[in-house]
Amino acid sequence: MPIESDESDVARSLEAPEQRKSRMSTRRLTGLQKQVLSLYRSVIRHTRSQDSELRKQILQYTRVQLEKNRNIERRNVMLIEHYLRNGKKKLELLEQGGVQGIGAYTSSS
């Protein structure tokens, strides 16, 4: 019985090594990754209406948080969803207005 080959299999086998390498390194984004990028874009859009100093603080904070959590395993869905929920809550607070800066709270006791 002859082995049937798919046209795409034949095309892939004829690819130059550079093409094969670039195709293999391009990953499809998961739904959670798309949500993270969407949240990041929303933060960027929101900061356009802020003054330059607050905009700088918000963007720096957002980038630091993304970098800090960059190496979370893709399979750790619950943790990623937790951070997404927190990020969305923080964005809602920013959108409500009245935010004067980003910083840490310290009690004076």
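Quick note: numbers below take in every heavy atom, side chains included, and nothing from hydrogens, waters or symmetry partners.
- Separating the CD atom in Glu81 from the CG atom in Asn76 is a distance of 10.0 Å, to the nearest 0.5 Å.
- Shown here is Gln60, whose CD atom has no more than 12 heavy atoms of other residues, nucleotides or ligands within 6.0 Å.
- Between the NZ atom in Lys56 and the CD atom in Glu53 there is a gap of 5.5 Å [rounded to 0.5 Å].
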Checklist line | Check against side chain to side chain contact (heavy atoms under 4.5 Å, CB included), Glu95 and Lys90 | finding: CA-CA 9 Å; Glu95 289 172 342; Lys90 289 178 182 181; over 6 Å; no
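- Atom CD in Gln65 sits 9.5 Å away from atom CG in Asn86 (nearest 0.5 Å).
- Hydrophobic clustering (side-chain heavy atoms under 4.5 Å, transitive across Ile, Leu, Val, Met, Phe, Trp, Tyr) groups Leu66 together with Val77.
- In the hydrophobic cluster analysis, where Ile, Leu, Val, Met, Phe, Trp and Tyr join through side-chain heavy atoms closer than 4.5 angstrom, Leu94 is grouped together with Tyr61.
- With no hydrogens or angles considered, a side-chain donor-acceptor pair links Arg45 and Ser42 at under 3.5 Å.
- Remark: Leu84 CG to Leu39 CG distance equals 6.5 Å, nearest 0.5 Å.
- Put simply, the side chain of His46 never gets that close to the backbone of Leu91: no donor and acceptor are under 3.5 Å apart.
- The line from OG1 of Thr47 to CG of Leu59 is 4.0 Å long, rounded to the nearest 0.5 Å.
- In this structure, Gln57 and Gln50 have side chains that are not in contact, with every pair of non-hydrogen atoms separated by 4.5 Å or more.
- Under the 4.0 Å criterion applied to side-chain N and carboxylate O atoms, Glu67 and Arg70 are assigned as salt-bridge partners.
- With a 4.5 Å cut-off on side-chain heavy atoms, Tyr83 and Val36 do not count as touching.
- Taking all atoms of both residues into account, the shortest heavy-atom contact from Gln33 to Arg28 is OE1-O, 4.1 Å.
- One finds the CD1 atom of Ile72 at 4.0 Å from the CG atom of Leu79 (value rounded to the nearest 0.5 Å).
- Using a 4.5 Å heavy-atom cutoff, the side chains of Arg55 and Arg48 are in contact.
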